[in-house]
Structure formats: structure tokens, C-alpha cells
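For reference, the structure discussed in these notes is given below.
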Amino acid sequence: MDIDRELNKEQAMAVRCTNGPVLILAGAGSGKTRTIVYRMAYLIGEMGVAPWNILALTFTNKAANEMKERIRDMIGERAGTMRVGTFHSICVRILFTHAEKLGYPPKFEIADTTDQKSIMKDVYKRLGVDPKRYPEKITINKISGAKDELMGPEEYASFAGMDFALKMISNIYTEYQKTLFSNGMMDFDDLIMNTVRLFNEFPEVLEEYRERFKYIMVDEYQDTNTSQFELIKLLSAKYRNLCVVGDDDQSIYRFRGANIYNILNFEKYYPDAYVVRLEENYRSTSNILDAANSVIKNNSERKPKALWTKEGEGEKIRYRQLDDAALEAAFIADDIRSRVSKGEREYGDFAILTRTNIQSKELEDALRIRSIDYDVVKGLKFWDTKVIKDLTAYLMTVDNGINEMRVRRIINIPKRGIGNASIDKISVFSRANNITFFEALSRIDNIPSVPAKTKAAVRSFYEMIVRIRKEGRDMSFSAILERIIEECSYLDYLLSEAESSEKYREQKEYIAKLKETLDAYEDETDEPDLTDFMRINGLEGNNLDKEGGDDPKNKVLIMTMHNAKGLEFPEVYMAGMEEGLFPGYASINSDDPMAVEEERRLCYVGITRAKERLTLTGARRRMVNGETRYSAASRFIKEIPGKFLNLNQAVEKTERRERIAPSNREAAHRYFEEKPPAFSTLKKGSDMEKKLPPYKEGDRVLHFKFGEGTVLSIADGGRDYEVTVEFDNVGVRKMFAGFAKLKLL
DNA sequence: GAAGGCGGTCTTTTT
DNA sequence: GACCGCCTTC
């Protein structure tokens, strides 16, 4: 390892600065991971630090795995004793050893988003809360936010005080927490909060980990929330060897509680912190980098910085506005295909980035039709599927039956004639007698007012589980799973429920995948245990991409920009660059100006994924929530100076006409004749004639969808006029006069 | 208790 | 357009 030759000056400084708090401000593509990995190797190789004294915290499993791999490449097997993982997985490991101190069973389970929802539903029912007045989702978010700020139910109660609505949330929070606890579960936020609690309440435990983790590094520091900050603060307080790496411009998880001020104020919190800035970008051409810079500089809350590169200008960034989402997808797919057929690229060189997951549908269709290999990188989908939820609930019930929620889930799957009324009675009975829900099943005869038919069904369900449990003692997990599927005729059930054969096939694939995962787990674990299995996998969202057919590498990747963080591709498409989608309506309409800034950071992340060629696309028309929505080009496009952009409108026109499906041709023609392009900033040489709308400020107008409203202002937006209208029912909206077709009243 | 129909909501992003 | 929960009917 020759630090001075293999790293630049700043990177080398970051590596050599091993004592005390260090803040590495690492711009996109500045060799951040490289620096971290070298730093760890340096600590071990040059400073004589024992590998097991190093803790590296990341935000995603992907990042953790990459880091592990790279450090292993550098220092070999010794790397195995370093602790590298996500905040959540590290906390799980700590809690695994100490959960009993907090009163949890040592085999606690992790409640994922779906589990949270069903627990919340149960809580609402018991407390008699109206989900219409207090939507579950919002409540879950509030509770999650409280936990991020380390507020337990008691603290929340005193914070709520006499405020009625807050008190309601507080009551729900208390009951929710009790339910989780009695099910032996922790949700994601609990993992962090409880670890902090453990450290605060048991100083000897904290001391143990302080000694263990003498050197702490935190990646993606800009995404940490308050509880995570507290955690690393506690852990690092003794030796103070805390090195955080991040980029405030890439903070994109505020909605999940990330506190950007953790990084913005790091130097205030640690006045003696050594600060290194990595500003040389090794990834992108200067056109791409300059575009990214010019977008992000519109944000107010950021540390000023200047990314630069030795790379040449490269190609200009292309922007294409197509007429609808299908044409947008077709444009991208054709573009990729032509690049590949010319032999310039392989499929694996391309990534298509989207703002939302739903956007992938059209893109997938377009790629599939053209036989282009692709993969969609999806979040937690696998473990969140109905089939997997069902079957793991079965497995856990066979294993121990402790978790009421899981038993309830499957007691009537497939239909056995055990309805909600009876389930509730059993639940009440179990509480009254202080036994578990599953135990109550064996005493179903003692529960009054359950119909005889139902009782018989419950008995046979209970006996089946006990039977499989007994027989399964010396079977592999996947064999037990097969037994369950057989005994319940689960496949028949799926077939009868499935709305399409395609879906059924997919579900069977999921089952096969689950079996595989179970087998792999049993193979590589000394003392396999289903609770442990669930815990590991509940935290690892997408290991679906591990398989991926013949050549998993050579595929076009479709993913959200959130998912793309930390990755890079020779060619990147950013699809859906439209006002209302990106930035999304929620952020535009938010009264918090920081909301749009977060979207802009996401845009910055997207742009900086591209190494050589970046294409931005948008659709004028898009189906959203079952209705057509017209949108103007994203403001982010307008923030990119023209000199970095290439707008080849002529090309677009011919492409567009070719791609229209015959059935839509007529409608499309009509559409083109009527509608001038909405995109407005690129005025030079416009041959469009813009017409002054027939209304003026203060006039009452009618919109085909939004109804009546009053014109607030009309602004010259280049090719078209931008009209702001305050609608009586839907509030203030901005639109282009050419599109909106407002009628004067 | 189950099945089928209706109406409301959702789509931001994830550990 | 899809999904979910609620309601009605059998």
C-alpha cells in the first residue's frame, strides 16, 4: 500500500489522520469508499490497530457489503474480524446479546413495515380509534419520528401534555409499544432506540463496547438521524476516534428522520475536529459535473464546495421531452438498443433512474418488447410479499407460536372457516388467562360463543401445527416448509386466489427462492434457528438480485434514485423529469422550503451517477392515479445552463411520430396539432407563436379538472405563458396557458 | 362466516 | 388503475 502514490493529497491526509474526531466531506465520485478502505487498512497495517477494534457503520447493506469486499481485497482474511454493517444490523447484534436486560426475549423478532401496519390495526381496534381521523400511516410516521428523536412512550406522553391530538398519538404509541413487546418484536426504530437505552441504563455494557470499538467510522453520515448520532456519540466518547464521511449535498433521507444538521454542525459539536474536503471527482466528465453543480447550487442549506475534474468536457447532456410515458420509455429503450447494436456499449453499462417505483412499469414494457435484458432493483419487495409473509408466519408458528400476529395471519389461510369474530374472541381469552394466543387455541373448547364448526376448524389447525412441529424436529427448514405447503394445500389456495397465471408463476418462484434461502442459511450457520433467520433477512432487503440468470452483470438496471446512491454507470437516463413528479407535488406544495431542496439533492445524486453520458427525459402527459396529468419540464432541467445541454428537437419529432401505436395515432395527432410544447426556457429560435391567453389577472376561469378559480398571475415563461390560478377547491396551481385551456367565465 | 361489490385512497423515497 | 377496507347479501 503506497498511500502517496495511490491517493491524492486530501485522501492521504484523511487516511493518516487517525486520532480524534475527523470529518471527511466527500463529494460525489471523489473516491470516498477508497479513502475509507485505505484508512482502515492503514489503521491495521501501519498503526497496529487490531481489526476487531474497528467499527464501520453504513446506511445500506449494499454499502456494507461493498466495503467488506474491498477491505478484504486489500488486507485479506484479517478483515473478517472487523465489524462492518448497517446501523440496524450492528444494533441487532448488540441487542441479541443483551435484549433480556431490557426485558425482551433473547429471540426477539423484527417488525417490518407490514408488521407495523397490522400491529397498528390491532391497536386501533382495541383502543377504538377511528383510522379515518387518525390515519395509521401518519401515526406510524409520528411514532417513528419520536423514536428517531429517542422519545419513548413516557417522554411522548409528557411532551403531549394536554393537547388532545398529541395525547391520542401518545396513547396509541404506548399501546403499540406494548403490543410489539408482548409479541417479542422490535421495529426498525426500536433497534436503535433500544441500543441507546441499553447503553444509558447499563454503563458496564457501554464500557464493554467502547473498549471493543476503539475506532469508529460512519459512512453516509449526512443520512444519520438523532438516535444514530446519539449512538455513535456514546460509543466514541471514550477514545474519541470518530471518523465520519459524508456529503451534505447527498442527504436524501430526511423523510425518514435523517438530520442534515448532524453533518452541517459536526464541527460545532466537535470543535477539535479535523476536516478534510475531497473535491476532486474521478467519475464524471466535466459537462456532467458542471450540470450537477449548477443544479445543487440553488440550495441554500449546504456547505459551499467546488467539485472539479481532470476529465474532459465529454458529451453534452441530452434532454428530451416526449409526449407520454410510453413514448419516453420507447425513446430510452431504442436509444439503448442502438448504442448496443453499434457495439459501443453493453447492456450492463446503462442505468435508468426514476423518482418513483411505479415508473418502472412502462420502462420494463419497452425493454421487454425489444428483448433487452434488464433488472429492476426493488426495495424490500421479496420479504414483503404476501406469499413470503404467509409462509414465514407458518414457519414461525411451527417453530414457537409465540408471536400472536403471525399466528393470526395464517390461522385462516387458506380459508378454514375461522373468521375475525372468532379470532378476536380467542385473543381476548388469551389475554384474560395470561397465555399466548397459540396456547389459547388448544383450549378452544373453553371459549364460549364460538360456533362448533369453528371450534372444530381451530382444533384441526392447532393439531396440524403441533404435528408438523413434532415431525419437523429432525427435518431441514425447507423440508418443513414443504410439509406446510402440502398439508395446507397452499398451492391450490394460491392458484384459486391468483388473478393471473403470471402472478401464480411469480409466487411459485418466490417459494422456490425462500427454500433456497433457507437451505443456504442452514448450510452456513452452525446453530440454525428460524428466529435468527428471520432477523437476518428482515434487515437485508434486496438479495433478489443475487441470482439474476445467466449474466447478471450485463443487464440494464432500472431503479429509483434513492437506490442508485453510491453507484455509478457509464450511461445514465433520468426518466420523468417533470414538475409534479420530480420534484413531486408533495414537495412543491409543502410549506417547508426544505422539501424541494431535498428533491434537488436527489437530482444531484442522480446526475452524479453518470460517468460519460447522461440523458434526461420527461413526458408531457402521464397517467397518474388513473388519470392523465400534464406537466411541464422539471425546474431542475431549467437549472442546467444551456451550454451543457443538447436539445435535439428535430430528432425527437421524427422518433415521436414513428413510435405511436396505430390505435393511438389519431388521438396523438389531434394532440400534437392542438398542444404547443410546454417546455419554455429554451426560447432561442422558437418558431412557436405564443398567444396571450384570453383572461387576465383577477379573472374567474374554469379548468376541466380543477373546477373554478381566480387567476392570480400570468407570467411570460418563454414559449408559453405560465398562469397561476387559485382554485376554489384544490388551491393554488401553476400551469401553462397552452395546456391548461382555461375558459374565461 | 364468506363472497362480492362499492368507494376511498394511494405513489415519493427505505432500514 | 390497483389495492384495501367496509358494507351488504347469502
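The sequence lines fix the lettering, A, B, ..., with proteins before strands; numbering per chain opens at 1.
A distance of about 22 Å separates the C1' atoms of dT13(B) and dC4(C), rounded to the whole Å. Annotation: dT12(B) and dG5(C) have their C1' atoms spaced 23 Å apart (nearest Å).
Comparing dT14(B), dT15(B), dT12(B) by their closest approach to the side chain of Thr356(A) singles out dT12(B). Between dT15(B), dT14(B), dT12(B), one nucleotide has an atom nearer to the side chain of Asn563(A) than all others, and that is dT14(B). Considering only side-chain atoms of Lys415(A), the nucleotide from dA2(B), dT13(B), dT15(B) that sits closest is dA2(B). In the set dT12(B), dT14(B), dT15(B), dT14(B) carries the atom at the smallest distance from any side-chain atom of Tyr253(A). Considering only the side chain of Thr560(A), dT13(B) comes nearest among dT13(B), dT11(B), dT12(B). Listed nucleotides: dT14(B), dG1(B), dT11(B). Nearest to the side chain of His562(A): dT14(B). Proximity note for Lys121(A) (side chain, C-beta onward) versus dT12(B), dG1(B), dC4(C): the nearest is dC4(C).
We find that CE of Met623(A) is positioned 18 Å from P of dT11(B), with the value rounded to whole Å. One interatomic measurement links the two molecules: CZ of Arg629(A) to P of dT11(B), which rounds to 13 Å at whole-angstrom precision. The distance from atom CD1 of Ile252(A) to atom P of dT12(B) is 16 Å, rounded to the nearest whole Å.
When side chains are defined from C-beta on, Phe213(A) does not count as touching Leu57(A), because their heavy atoms never get closer than 4.5 Å.
Summary of the strand contacts: Phe255(A) and Pro135(A) both lie near DNA chain B, and taking for each the nucleotide with the nearest heavy atom, the more 5' one is attributed to Pro135(A).
Within the 4.0 angstrom heavy-atom criterion, no nucleotide atom of any strand lies near Asp190(A). Using a 4.0 Å heavy-atom distance criterion, Phe582(A) is classed as making no nucleic acid contact. Heavy atoms of Ser587(A) sit nowhere under 4.0 angstrom from any nucleic acid atom. Among the atoms of the strands shown, only primed sugar atoms or phosphate atoms (P, OP1, OP2) are found under 4.0 Å from some heavy atom of Ile418(A). Nucleic acid contact class of Glu598(A) (heavy atoms, under 4.0 Å, all strands): none. Nucleic acid contact class of Lys386(A) (heavy atoms, under 4.0 Å, all strands): none. Within 4.0 Å of Gly584(A), counting heavy atoms only, lies no atom of the nucleic acid at all. Contacts of Phe87(A) with the nucleic acid, taken as non-hydrogen atoms under 4.0 Å apart, are absent.
Side-chain nitrogen and oxygen atoms of Asn357(A) include none within less than 4.0 Å of the OP1 or OP2 phosphate oxygen of dT11(B). Checking the phosphate oxygens (OP1, OP2) of dT11(B), a side-chain nitrogen or oxygen of Lys137(A) falls inside 4.0 Å. Here Thr113(A) does not reach the OP1 or OP2 of dT14(B): none of its side-chain N or O atoms lies under 4.0 Å away. Of the side-chain N and O atoms in Asn61(A), none sit less than 4.0 angstrom from OP1 or OP2 of dT14(B).
Between the side chain of Arg256(A) and the base of dT13(B) there is no donor-acceptor pair of N/O atoms closer than 3.5 Å.
Side chain of Glu599(A) to main chain of Ser587(A): no donor-acceptor pair is present (N/O by atom type, distance under 3.5 Å, no hydrogens or angles). Proximity of a side-chain donor or acceptor of Thr139(A) to a complementary backbone N or O of Pro135(A) within less than 3.5 Å is detected.
We find that Lys125(A) and Asp122(A) are not joined by a salt bridge, their nearest charged nitrogen and carboxylate oxygen being 4.0 Å or further apart.
Between Ser634(A) and the choices Arg355(A), Glu579(A), Glu639(A), the side-chain contact (heavy atoms from CB on, under 4.5 Å) rule is met once, by Glu579(A).
Judged by the 6.0 Å distance and 45° axis criteria, Arg406(A) is not positioned over the aromatic ring of Phe437(A).
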